[in-house]
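For reference, the structure is listed below as structure tokens.
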Amino acid sequence: MRSGSSPGDDRSSGVRAVARDRGLAEIEFITRLLDDRFRVPGTSIRFGLDGLLGLVPGIGDGATALVSLYVVYRAWSMGAPTGVLGRMLFNILLDSTVGSVPVLGDVFDVAFKSNRRNLELLRRHLDIPGAAPAPRR
């Protein structure tokens, strides 16, 4: 036990760690489903429900944007700072806006993968091994 801490402090940090791990597992599941679930046979091209539902005019991109916003909510509940949340929201806005353009948007949905980007932003914030390094500017 740390100096000056009570046994309850260790338990509460353990509870927070479990909640963080569960939240991250949920976000990883949603990300795989929306961005990487399927593969074009004979290629390394992966896509998910975001690319498929984006084919439905007017409804598909809005539906996947709502699910993506839930991911941002979960990141907020895990303590992600405003800067990370803002970048996550920008990724969703870009994905939804460009994704709503016929044909071009469908290709963009497969290539851009906003949820995968948002998961990496959250992993970097949480300092989780295996997170992609921050891009250089």
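Only a predicted model underlies this, so the values are computations on that prediction, with no experimental measurement involved.
No chain of hydrophobic side-chain contacts below 4.5 Å, direct or via other Ile, Leu, Val, Met, Phe, Trp or Tyr residues, connects V107 to I45. Neither L94 nor V67 shares a network with the other; the hydrophobic side chains, linked directly or stepwise wherever heavy atoms of I, L, V, M, F, W or Y lie under 4.5 Å apart, form separate groups for each. In this structure, V71 is a member of the same hydrophobic cluster as W76, with clusters built from ILVMFWY side-chain heavy atoms closer than 4.5 Å. A single hydrophobic cluster is not seen to contain both L93 and V101; linkage of ILVMFWY side chains at heavy-atom distances under 4.5 Å, directly or through other members, places them apart. L49 and F112 end up in different hydrophobic clusters when Ile, Leu, Val, Met, Phe, Trp and Tyr side chains are linked at under 4.5 Å.
For the atom pair CG (N118) and CG (L85), the distance works out to 9.5 Å, reported to the nearest 0.5 Å. The OH atom of Y73 sits 11.0 Å away from the CD1 atom of I27 when rounded to the nearest 0.5 Å. Atom CG of residue L126 and atom CG of residue L121 lie 11.0 Å apart, to the nearest 0.5 angstrom. If you take OG1 on T31 and CG on L122, they are separated by 9.0 Å, rounding to the nearest 0.5 Å.
Smallest separation of non-hydrogen atoms from L24 and M78: N-CE, 3.8 Å. Here the closest non-hydrogen pair linking G23 and R74 is CA-NH2, 3.0 Å. Residues R46 and K113 share a closest heavy-atom pair of O-NZ, 2.6 Å. Considering all non-hydrogen atoms of both residues, H125 and G79 come closest at NE2-O, 3.4 Å.
R39 places a side-chain N or O within 3.5 Å of a backbone atom of T43 that can act as its donor or acceptor partner. A donor-acceptor contact shorter than 3.5 Å links the side chain of D35 to the backbone of N115.
A donor-acceptor pair shorter than 3.5 Å can be found between the side chains of D95 and S114. Donor-acceptor pairing under 3.5 Å is lacking for the side chains of S100 and D61.
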Test side-chain contact (heavy atoms from CB on, under 4.5 Å) applied to I30 and Y70, step by step: CA-CA 10 Å; I30 291 169; Y70 173 74; 3.8 Å; yes
Assess whether salt bridge (Lys or Arg N to Asp or Glu O under 4.0 Å) is satisfied between E28 and R123, documenting all intermediate values. CA-CA 10 Å; E28 288 170 344; R123 282 182 173 158; 2.6 Å; yes
May I have the step-by-step check of side-chain contact (heavy atoms from CB on, under 4.5 Å) for R22 and E26, ending in yes or no? CA-CA 6 Å; R22 284 185 182 161; E26 181 180 14; over 6 Å; no
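Counting heavy-atom neighbours within 6.0 Å of F90 CZ, excluding the residue itself, gives a total of 12 or less. The environment of CZ in R20 is crowded: more than 12 heavy-atom neighbours from other residues, nucleotides or ligands sit within 6.0 Å.
A heavy-atom distance below 4.5 Å is found between the side chains of L34 and S68. Between L89 and L69, the closest side-chain pair of non-hydrogen atoms falls below 4.5 Å.
Under a 4.0 Å N-O distance rule, the pair D36/R116 qualifies as a salt bridge.
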